[in-house]
Amino acid sequence: MADLSGLSDEALAVFAFAAYHELSSGQRVRSVVQKDGTGHRASDAAVDELDGRGLIKADGREIVFTPAGEEVLQGIVSTIRGLRSA
């Protein structure tokens with residue numbers, strides 16, 4: 001899995017948002033909305049940070065996880081699921 005050390009809380013929140021949607025829908029998430037038009041949006045700094053690490057690509061409306069980003073997201077979801085048996 002990619003090294004997440006030093007990521008800001010805002011950058012981690014992008015993964016938390018995606019993990020929430022994956023866990024609540026039961027479907028694999030490969031992208032999330034960057035700006036929804038109603039005031040909810042990922043911070044520009046977080047988007048730049050994750051893009052700089054090669055974990056996402058963003059176009060101003062949508063954040064698409066790269067293969068490395070998908071691997072990180074799946075690791076986070078697996079960790080959360082593993083907490084059930086902890």
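The two residues Glu10 and Ala45 make their nearest non-hydrogen contact at OE1-CB, 4.3 Å. Shortest non-hydrogen contact noted between Leu55 and Ala2 is CD2-CB, 3.8 Å. Looking at every heavy atom in both residues, Asp51 comes nearest to Lys57 through OD1-NZ, 3.5 Å. In terms of heavy atoms, Gly54 sits closest to Ala68 at O-CB, 4.1 Å.
Within a 6.0 Å sphere centred on CG of Asp9, heavy atoms belonging to other residues, nucleotides or ligands number 12 at most.
In this structure, Val32 and Glu62 have side chains that are not in contact, with every pair of non-hydrogen atoms separated by 4.5 Å or more. Counting heavy atoms from C-beta on, the side chains of Leu23 and Arg81 come closer than 4.5 Å.
Separating the OG atom in Ser43 from the CG atom in Asp48 is a distance of 8.0 Å, to the nearest 0.5 Å. Rounding to the nearest 0.5 angstrom, the gap separating the CD1 atom in Ile80 from the CD atom in Glu22 is 9.5 Å. Between the CG atom in Leu50 and the OG1 atom in Thr66 there is a gap of 9.5 Å [rounded to 0.5 Å]. Atoms OG1 and CD, from Thr79 and Gln74 in turn, are 11.0 Å apart once rounded to the nearest 0.5 Å.
A side-chain donor-acceptor contact under 3.5 Å links Glu49 to the backbone of Ser8. Judged by distance alone, the side chain of Gln34 and the main-chain N or O of Ala42 form no donor-acceptor pair under 3.5 Å.
In terms of hydrophobic clustering, with Ile, Leu, Val, Met, Phe, Trp and Tyr side chains grouped at heavy-atom distances under 4.5 Å, Val33 and Val14 are assigned to different clusters. Under a hydrophobic clustering in which Ile, Leu, Val, Met, Phe, Trp and Tyr are joined whenever their side-chain heavy atoms come within less than 4.5 Å, directly or via other members, Ile63 and Tyr20 fall into different clusters. By the rule that hydrophobic residues join a cluster once side-chain heavy atoms approach within less than 4.5 Å of another member, Phe17 and Val64 end up as members of separate clusters.
Using a 4.0 Å cut-off between a side-chain N of Lys or Arg and a carboxylate O of Asp or Glu, Arg41 and Asp36 do not qualify as a salt bridge.
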